[in-house]
S.K.: 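Quick one: structure below, then a few questions.
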Amino acid sequence: MKAVAESVQDAIDTIDLLVALHEGDYARVLGAKKSLKTTVQVFEYIKKNPIIDIKKTSTELGLAFNTVSKAVNNLMEIEILRQTQNASRNRCFAYEEYLNILRKDT
């Protein structure tokens, strides 16, 4: 019974951390004011898909590749997204802080 209670508390703590991260990062996105509508769309997308590439993201969101690329650059500028490898083509980006919360204690 104690193990179940601890698991439930860990889940609640993780949710609280994710909510706080989202609220803080959302405020940063709104403060950046660059391509706001698209940047918000991509930001909302990375909550469900914390590792992305621009081509797939543009297809999934029904937006032009260059539009998504600009939004990703905006999210990198405000340090929400980070490029995962040093490649010039097929670059991947990660919402590292979000992933770090999910990886806690694993």
Side-chain angles (χ1 to χ4, degrees):
M1 192 64 142
K2 184 178 178 182
V4 172
E6 287 175 0
S7 290
V8 168
Q9 189 58 52
D10 283 346
I12 291 169
D13 293 345
T14 298
I15 291 167
D16 289 343
L17 289 170
L18 291 171
V19 168
L21 176 67
H22 177 264
E23 289 174 355
D25 286 349
Y26 189 72
R28 289 171 42 208
V29 168
L30 294 179
K33 297 180 182 171
K34 288 183 175 180
S35 306
L36 189 57
K37 181 180 176 186
T38 305
T39 303
V40 168
Q41 282 181 281
V42 173
F43 177 69
E44 293 298 327
Y45 180 79
I46 65 172
K47 287 189 321 187
K48 297 176 191 129
N49 304 281
I51 300 172
I52 65 167
D53 68 76
I54 295 171
K55 184 176 181 181
K56 181 179 178 200
T57 303
S58 67
T59 300
E60 297 253 334
L61 295 177
L63 299 169
F65 181 93
N66 288 339
T67 302
V68 172
S69 181
K70 287 177 189 174
V72 166
N73 286 333
N74 292 341
L75 292 169
M76 287 178 55
E77 282 179 23
I78 57 176
E79 299 180 351
I80 291 175
L81 280 179
R82 289 184 179 78
Q83 189 171 335
T84 60
Q85 76 267 3
N86 235 355
S88 58
R89 296 181 58 80
N90 302 320
R91 299 176 300 160
C92 287
F93 304 87
Y95 190 6
E96 285 292 335
E97 289 183 64
Y98 181 90
L99 290 169
N100 289 339
I101 291 170
L102 294 177
R103 290 179 186 138
K104 182 182 70 102
D105 299 329
T106 59

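Being a predicted model, the structure only gives us computed values, none of them experimental.
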S.K.: Would you compute the distance between atom CZ of F43 and atom CG of L30 and round it to the nearest 0.5 angstrom?
M.R.: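 Nearest 0.5 Å value for the CZ-CG distance: 9.0 Å.
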
S.K.: For a quick test of reading the model, state the closest non-hydrogen atom pair linking M76 to F93 and the distance between them.
M.R.: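 That would be SD-CE2, 3.3 Å.
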
S.K.: Quick one: ring-ring contact (aromatic ring centres under 6.0 Å, His included) partners of Y98, sequence neighbours excluded?
M.R.: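 So Y98 forms a ring-ring contact (aromatic ring centres under 6.0 Å, His included) with Y95.
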
S.K.: The criterion is side chain to side chain contact (heavy atoms under 4.5 Å, CB included); which residues satisfy it with L99, sequence neighbours excluded?
M.R.: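 Per chain and number, L99 pairs via side chain to side chain contact (heavy atoms under 4.5 Å, CB included) with P50, I51, A94, R103.
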
S.K.: Provide the full list of side-chain hydrogen bond (donor to acceptor under 3.5 Å, both in side chains) pairs with a residue in residues 51-76, sequence neighbours left out, each pair given once.
M.R.: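 side-chain hydrogen bond (donor to acceptor under 3.5 Å, both in side chains) check on residues 51-76 returns T39-N74.
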
S.K.: Is there any ring-ring contact (aromatic ring centres under 6.0 Å, His included) pair reaching into residues 46-85, and which pairs are they, with sequence neighbours excluded?
M.R.: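 Sorted result for residues 46-85: empty, none.
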
S.K.: Taking side chain to side chain contact (heavy atoms under 4.5 Å, CB included) as the test, write out the residues that go with V4, two or more places apart.
M.R.: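 In terms of side chain to side chain contact (heavy atoms under 4.5 Å, CB included), with neighbours along the sequence ignored, V4 is linked to V8.
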
S.K.: Quick one: pull up OG1 in T84 and CD in E96 and give me the separation to the nearest 0.5 Å.
M.R.: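 These two atoms lie 8.0 Å from each other.
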
S.K.: For N49, enumerate each residue passing the side chain to side chain contact (heavy atoms under 4.5 Å, CB included) test, keeping only those at least two apart in sequence or located in another chain.
M.R.: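 Partners of N49 by the side chain to side chain contact (heavy atoms under 4.5 Å, CB included) criterion, ordered by chain and then number, come out as Y45, I52.
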
S.K.: Test: salt bridge (charged side-chain N to carboxylate O under 4.0 Å, His left out). Region: residues 37-48. Which pairs qualify, not counting sequence neighbours?
M.R.: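 Qualifying pairs, neighbours excluded: E44-K47.
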
S.K.: Run the side chain to side chain contact (heavy atoms under 4.5 Å, CB included) check on L36 and V29 step by step: do they pass?
M.R.: CA-CA 7 Å; L36 189 57; V29 168; 4.3 Å; yes

S.K.: Give every residue pair that meets the salt bridge (charged side-chain N to carboxylate O under 4.0 Å, His left out) criterion with at least one member in residues 74-88, sequence neighbours excluded.
M.R.: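 Qualifying pairs: K34-E77.
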
S.K.: Transitively linked via ILVMFWY side-chain contacts under 4.5 Å: I15 with I101?
M.R.: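 Shared cluster, no.
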
S.K.: Should side-chain heavy atoms under 4.5 Å link Ile, Leu, Val, Met, Phe, Trp and Tyr, which residues sit in the same cluster as M1?
M.R.: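 Listed partners: none, M1 stands alone.
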
S.K.: Looking at I54, I80, L61, which one forms a side-chain contact (heavy atoms from CB on, under 4.5 Å) with V42?
M.R.: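 Single pass found, and it is L61.
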
S.K.: Check side-chain hydrogen bond (donor to acceptor under 3.5 Å, both in side chains) between Q9 and all other residues, then give those that pass, not counting sequence neighbours.
M.R.: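 Counting only residues at least two positions away or on another chain, Q9 forms a side-chain hydrogen bond (donor to acceptor under 3.5 Å, both in side chains) with D13.
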
S.K.: I'd like to check the ring-ring contact (aromatic ring centres under 6.0 Å, His included) partners of Y26; sequence neighbours left out, ordered by chain and number.
M.R.: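 By the ring-ring contact (aromatic ring centres under 6.0 Å, His included) rule, Y26 matches H22.
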
S.K.: Distance from L17 atom CG to K104 atom NZ, nearest 0.5 Å?
M.R.: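 Between L17 CG and K104 NZ, I get 6.5 Å after rounding to 0.5 Å.
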
S.K.: Sort and list the pairs that fulfil ring-ring contact (aromatic ring centres under 6.0 Å, His included) and have at least one residue in residues 67-87, not counting sequence neighbours.
M.R.: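 Passing the test, one end in residues 67-87: no pairs.
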
